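The structure appears below as structure tokens.
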Amino acid sequence: MTQADRGPDHRADGQSGAPRILVVEDDPTVAQVVTSYLSRAGCTPVHASDGSMGLELARRMAPDLVVLDVMLPGLGGIEVLRELRAASQVPVILLTSLGEEEHRLRGLESGADDYLTKPFSPRELVLRVQSVLRRTAAMPPAPVDDVLRAGDLVVDRTSRVVSKAGRELSMTVKEFELLAFMIRNAGRVVRRDELMREVWSHDFGDASTVTVHVRRLREKIEDDPSRPALLKTVWGVGYRFDLPVTGPGGR
């Protein structure tokens with residue numbers, strides 16, 4: 001845990017320095033490979049071998065991103081993710097095994113930003129980490145006036161805050177990026193593969209990643225998520241964001 005003892009040099013406040021990546025993985029071989037590749041990519045990885053240690057290190061170091069194995073001894077990865085989400089919106093990339101679709105979907109529904117299936121390419125993991133970091137505090141701030149509006153829904157890309165009727169909504173990194181992208185493309189049908197490319201920076205991927213994030217987003221922005229008025233499904237194609245129609249009569 002020596003790296004975690006450094007304490008105040010983390011990037012959680014967006015200041016300069018190597019991005020700090022918390023790797024929660026019980027397999028020592030996988031952990032060694034992942035941390036080695038992240039180090040060569042200019043990151044500062046910190047390893048936790050179980051869920052409890054991962055949560056403790058997350059509290060102490062405030063990482064820029066967490067790489068989290070789903071199948072952990074003791075406190076499982078999904079439980080770790082839920083506790084992380086209760087305290088912060090730190091980006092999380094899940095590591096799952098083949099055949100763990102239920103765990104993968106539960107992870108996405110619990111707020112994971114992305115996932116990789118074992119065995120995976122360490123280079124692909126690094127690319128996904130870099131992609132997420134570019135979209136968070138590691139990115140240059142958006143222009144000061146870059147505020148998107150859809151009725152009483154306000155998306156401030158400078159502060160990365162979403163509010164509805166004046167009430168701030170809690171958003172993960174990918175939920176925020178998905179919402180901002182859909183509002184910027186309001187009225188246009190957006191295919192799932194385009195969302196994977198533009199929001200997740202993947203040329204291919206599991207459509208369920210998009211589906212779960214859309215469902216979570218609706219639960220936060222729609223008055224009735226079962227009958228969405230804003231983020232609508234265009235069956236067999238993708239999704240469309242419809243801006244509210246307003247007029248003198250409030251319609």
Side-chain angles (χ1 to χ4, degrees), residues 1-70 72 75-96 107 110-116 118 120-142 158-161 170-177 199-201:
M1 289 191 226
T2 55
Q3 296 185 63
D5 292 333
R6 295 188 214 171
D9 67 341
H10 61 74
R11 285 177 47 96
D13 56 4
Q15 296 179 1
S16 60
R20 301 197 69 184
I21 313 300
L22 175 59
V23 179
V24 188
E25 169 61 65
D26 65 309
D27 187 319
T29 301
V30 174
Q32 193 278 328
V33 171
V34 168
T35 55
S36 176
Y37 270 77
L38 288 171
S39 294
R40 290 205 293 268
C43 301
T44 301
V46 178
H47 175 229
S49 57
D50 60 49
S52 297
M53 182 186 297
L55 288 173
E56 175 61 25
L57 287 176
R59 284 189 286 267
R60 293 173 57 189
M61 64 180 277
D64 295 291
L65 184 144
V66 178
V67 176
L68 175 63
D69 186 21
V70 170
L72 292 170
L75 191 65
I78 302 301
E79 288 72 21
V80 172
L81 174 59
R82 287 172 178 160
E83 292 204 29
L84 287 172
R85 278 289 165 265
S88 77
Q89 296 301 322
V90 59
V92 176
I93 297 178
L94 291 180
L95 302 180
T96 69
S110 298
D113 295 276
D114 204 352
Y115 74 92
L116 274 176
K118 296 179 180 180
F120 57 86
S121 163
R123 293 179 61 188
E124 182 179 0
L125 174 60
V126 169
L127 289 174
R128 296 202 182 190
V129 167
Q130 292 171 333
S131 173
V132 173
L133 289 176
R134 279 196 299 269
R135 295 176 179 272
T136 55
M139 296 179 64
T158 302
S159 60
R160 299 187 70 86
V161 169
S170 177
M171 293 272 169
T172 68
V173 172
K174 291 305 180 186
E175 289 167 356
F176 182 94
E177 294 296 333
V199 178
W200 280 266
S201 299

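Owing to the predicted nature of the structure, the values given are computational and were not obtained by experimental measurement.
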Out of curiosity, [X] [atom1] to [Y] [atom2], how far, rounded to the nearest 0.5 Å?
X: Phe120; Y: Tyr115; atom1: CZ; atom2: OH; result: 13.5 Å
X: Leu84; Y: Leu22; atom1: CG; atom2: CG; result: 8.0 Å
X: Met53; Y: Leu72; atom1: CE; atom2: CG; result: 11.5 Å
X: Leu125; Y: Lys118; atom1: CG; atom2: NZ; result: 11.0 Å
X: Leu55; Y: Asp50; atom1: CG; atom2: CG; result: 9.5 Å
X: Glu25; Y: Ser49; atom1: CD; atom2: OG; result: 10.0 Å

Which heavy atom of [X] sits nearest a heavy atom of [Y], and at what distance?
X: Leu68; Y: Gly77; result: CD2-O, 3.3 Å
X: Thr35; Y: His47; result: CG2-CB, 4.4 Å
X: Ala18; Y: Gly42; result: CB-O, 3.3 Å
X: Val173; Y: Pro91; result: CG2-CG, 3.4 Å
X: Val90; Y: Pro63; result: CG2-O, 3.4 Å
X: Val24; Y: Gly54; result: CG2-CA, 4.0 Å

| message | Taking Glu56 first and then Arg59, would you say they form a salt bridge - that is, a charged N and a carboxylate O separated by under 4.0 Å? | response |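 Arg59 and Glu56: salt-bridged.
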| task | Before giving the answer on side chain to side chain contact (heavy atoms under 4.5 Å, CB included), spell out for Leu133 and Ile21 the whole-Å C-alpha distance, their side-chain angles and the decisive distance to 0.1 Å. | result | CA-CA 10 Å; Leu133 289 176; Ile21 313 300; 4.2 Å; yes
Would you say that [X] contacts [Y] through its side chain, given a criterion of any heavy-atom pair below 4.5 Å between the two side chains?
X: Val132; Y: Lys174; value: yes
X: Arg85; Y: Ser110; value: no
X: Val30; Y: Val23; value: no

| request: Dump the intermediate steps for side chain to side chain contact (heavy atoms under 4.5 Å, CB included) on Asp27 and Asp69, then the final yes or no. | output: CA-CA 9 Å; Asp27 187 319; Asp69 186 21; 6.0 Å; no
| request: Verify side chain to side chain contact (heavy atoms under 4.5 Å, CB included) between Gln130 and Leu127, making sure each step is shown before the conclusion. | output: CA-CA 5 Å; Gln130 292 171 333; Leu127 289 174; 3.8 Å; yes
| request: Could you tell me whether a side-chain N or O of Asp113 sits under 3.5 Å from a main-chain N or O of Ile93, the two making a donor and an acceptor? | output: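 No, Asp113 side chain to Ile93 backbone: no donor-acceptor pair under 3.5 Å.
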| Heavy atoms from other residues, nucleotides or ligands near CZ of Arg40 exceed 12 (cutoff 6.0 Å) |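 Yes, enclosed.
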